[in-house]
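Ligands are counted one by one from 1 in listed order, and the atoms in each one are counted from 1 as well. Worth saying up front: this structure is predicted, and the values here are computed from it rather than measured.
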Amino acid sequence: MAIIEVSNLKKSYGKLDVLKQITFDVNKNDVVAVIGPSGSGKSTMLRSLIHLEEINGGSVRVTGDYLVKDGVYSKAQEVKKITSKMGMVFQHFNLFPHLTVKENLEIAPKMLKTESISAIQQRSAELLKKIGLSDRATAYPANLSGGQKQRVAIARALMMNPEILLFDEPTSALDPELTGEVLQVMKDLAEEQMTMIVVTHEMGFAKEVANRVMFMDNGEIIESGHPEDLFNNPQFERTKAFLNRNL
Ligand code: ADP
Ligand code: MG
């Protein structure tokens, strides 16, 4: 079953075409790694899926419902319903600095009143346990390491029971010794069949965890395939050149 269907997605900033007719599907339980040079449009593509960017043409469907169809967005209420099926994890964590770890997890479901307070509290306790931070529930983000902050950001995204998680370079802001703990949480999620799109420079993670790798360059998906095929036998010169620089 397709969780996300993107067709002919176009995005420009003025005269700059940042995304040029992007088309791809993500199926349930897929882990898609998106790789490509800086400025190739990876973040813009990801942000478009969750309506943090307005696109200029094409369609995005999430679990069958149109977020945008042929460049026309669905009604605000529908857009809200659709984007709530997706969770996003950013490079710079984007935690609320004035809220504790537990409060960061609980604020969105409490505001949206999707569940009872006790169900929300039970879920945040479970997720803190899952990421190994039960003992930091009352800490503020400023008192956590980067790796801990990113684990909290992942747990916060999971609080809304998303159909799919989107990650934009989740380990790029971390000291090298802290990337492992974040990648491990993501690996655990993949093993639990979470559907994920991960923009990443971690080629090891892409090889080991993803079932599909998409290479983007200059606003286009140049090629996409199983990690073993794409890494060992890239079909296009641009892919080969990128991999030569980054593997
Ligand atoms: P990536 O994530 O692959 O590094 P981005 O999606 O961030 O690439 O950016 C793609 C292109 O769009 C780049 O040329 C970037 O400069 C441009 N861009 C991104 N955001 C904006 C913006 N808000 N205004 C103008 N240009 C932008
Ligand atoms: Mg980016």
Residue [X] excluded, over 12 heavy atoms near [atom1] under 6.0 Å:
X	atom1	value
Lys85	NZ	yes
Gln77	CD	no
Lys240	NZ	yes

Identity and separation of the nearest protein heavy atom to [atom]:
atom	value
atom 21 (C) of ligand 1	Tyr13 CE1, 3.2 Å
atom 7 (O) of ligand 1	Ser43 CB, 3.8 Å
atom 6 (O) of ligand 1	Thr44 OG1, 2.5 Å
atom 13 (C) of ligand 1	Gly39 O, 3.8 Å
atom 16 (O) of ligand 1	Leu16 CD2, 4.8 Å

**Request:** Evaluate the 4.0 Å heavy atom contact test for atom 11 (C) of ligand 1: does a protein atom fall under the cut-off?
**Result:** yes

Flag for [Y]-[X]: side-chain donor and acceptor within less than 3.5 Å:
X	Y	answer
Ser12	Asp17	yes
Asn218	Arg238	no
Thr63	Glu163	no

**Asked** Does any N, O or S atom of Ser43, backbone or side chain, fall under 2.8 Å from the Mg ion (ligand 2)?
**Response** yes

**Asked** Is Gly36 in contact with ligand 1, taking contact as a heavy-atom separation below 4.0 Å?
**Response** no

**Prompt:** Would you say Pro37 contacts ligand 1, with heavy atoms under 4.0 Å as the rule?
**Reply:**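 Contact check Pro37 vs ligand 1: positive.
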
**Prompt:** Is the NZ or CZ atom of Arg212 positioned over Phe24's six-membered ring, under 6.0 angstrom from the centre and within 45° of the axis?
**Reply:**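 No, cation not above the ring by the 6.0 Å, 45° rule.
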
**Prompt:** Does Gly41, backbone or side chain, put an N or O under 3.5 Å from an N or O of ligand 1?
**Reply:** yes

**Request:** Pick one of side chain, backbone, both or neither for how Val18 approaches ligand 1, counting any non-hydrogen atom pair under 4.0 Å.
**Result:**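 It is the side chain that touches ligand 1; the backbone stays farther off.
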
**Item:** Subset of ligand 1 atoms that lie under 4.0 Å from at least one heavy atom of Ser40
**Value:** 1 (P), 3 (O), 8 (O)

**Asp65/Lys81 salt bridge by N-O under 4.0 Å criterion** =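 Looking at Asp65 together with Lys81, the answer is yes, because their closest N to O distance falls below 4.0 Å.
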
